[in-house]
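Input: a single structure, listed below in structure tokens.
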Amino acid sequence: MYNDAAQNLMQDMMLWNEISDVLIESSYAEEKNDTEAVEKYDWKVEKLLNDNCSAELAQAITWAMEQGEDTSPFDKEGFTDSYFTDAKEMIAEADKLLEQGKKDNANGDAFGLVTVIYSVVLFLLGIVGIFKRLPNRYVILGVAIAGFLFATIFMFTIPMPTGFNILSYFGLA
């Protein structure tokens with residue numbers, strides 16, 4: 001969208017340069033009292049305006065003509081920015097999606113941490129039988145249960161990713 005807007009702006013600037021050249025030639029012919037050349041240049045300006053100008057550019061050219069001799073339609077306040085309105089809206093939408101993606105990424109990291117804690121819990125439960133003394137087994141088992149409870153509670157506090165729907169796993173969504 002931005003490249004389209006930049007290209008349209010550049011085309012309109014080139015068109016304005018061409019119209020400006022024809023207006024200068026027309027002004028010169030008018031000073032020399034060459035009515036045939038003046039008619040030719042007026043016809044050419046009319047064709048350029050009618051065949052190649054957008055309505056917005058035509059309004060800006062009319063504004064520039066009313067301002068004086070050395071005024072460009074691109075000097076009109078907000079005219080150049082109007083080319084990029086759609087691009088700016090898309091950029092704002094992209095920024096919003098990027099922020100949501102950053103949140104989802106942070107949530108994904110938290111889910112990764114939960115899996116690491118569960119892995120540690122499974123490791124502790126796996127080695128609990130190696131210890132011969134009962135108090136050591138209870139300590140390792142207690143740490144594993146505490147880790148399991150912590151990981152489970154932490155997992156349920158993490159928001160689901162954007163657009164997640166549990167029914168989609170069953171083909172119902």
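Sequential numbering from 1 along the given sequence is applied to the chain's residues.
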- [ ] Check the pair M65 / L23 against side-chain contact (heavy atoms from CB on, under 4.5 Å), numbers first and verdict last.
- [x] CA-CA 11 Å; M65 298 289 201; L23 288 173; 3.0 Å; yes
Open item on the list: Using a 3.5 Å distance criterion without hydrogens, assess whether the side chain of S26 forms a donor-acceptor pair with backbone atoms of V22.
Closed with: no
Open item on the list: Walk me through whether I19 and C53 qualify under side-chain contact (heavy atoms from CB on, under 4.5 Å).
Closed with: CA-CA 10 Å; I19 290 171; C53 279; 4.2 Å; yes
- [ ] Could you label the plane-to-plane angle of the F154 and F150 rings as parallel, tilted or perpendicular, counting under 30° as parallel and over 60° as perpendicular?
- [x] parallel
With hydrophobic residues grouped by side-chain heavy-atom distances under 4.5 Å, do [X] and [Y] end up in a single group?
X	Y	result
F148	V116	no
I130	Y138	no
I127	L122	no
V45	V38	no
L149	V120	yes

Open item on the list: Per the side-chain hydrogen bond (donor to acceptor under 3.5 Å, both in side chains) rule, what does the pair list look like for residues 109-130, sequence neighbours excluded?
Closed with: Y118-T152
Any side-chain heavy atom of [X] within less than 4.5 Å of one from [Y]?
X	Y	value
I145	L141	yes
I117	M155	no
D12	Y83	yes

TODO: Sequence neighbours left out, what passes salt bridge (charged side-chain N to carboxylate O under 4.0 Å, His left out) with K102? Give chain and number order.
DONE: E99
I need the [X] [atom1] to [Y] [atom2] distance, nearest 0.5 Å.
X	Y	atom1	atom2	value
L57	M13	CG	CE	10.5 Å
I61	L15	CD1	CG	6.0 Å
W16	L9	CH2	CG	14.0 Å
N33	E31	CG	CD	9.5 Å
F170	I166	CZ	CD1	5.5 Å
K88	T85	NZ	OG1	7.0 Å

Open item on the list: Within the supplied structure, the quantity of interest is the number of heavy atoms (other residues, nucleotides, ligands) at a distance under 6.0 Å from Y28 OH; does it exceed 12?
Closed with: no
- [ ] May I ask you to check whether over 12 heavy atoms, not counting those of K44, lie within 6.0 Å of atom NZ?
- [x] no
Task: Shortest non-hydrogen contact from F111 toward M160 - done: CZ-SD, 4.4 Å
Task: Closest non-hydrogen atom pair between A64 and P73, with its separation - done: CB-N, 3.6 Å
- [ ] Could you walk me through whether F84 and N8 pass the side-chain contact (heavy atoms from CB on, under 4.5 Å) test, one step at a time?
- [x] CA-CA 10 Å; F84 300 98; N8 289 337; over 6 Å; no
- [ ] Check the pair E25, D21 against side-chain contact (heavy atoms from CB on, under 4.5 Å), reporting the backbone distance first and the verdict last.
- [x] CA-CA 6 Å; E25 293 291 332; D21 287 343; 5.6 Å; no
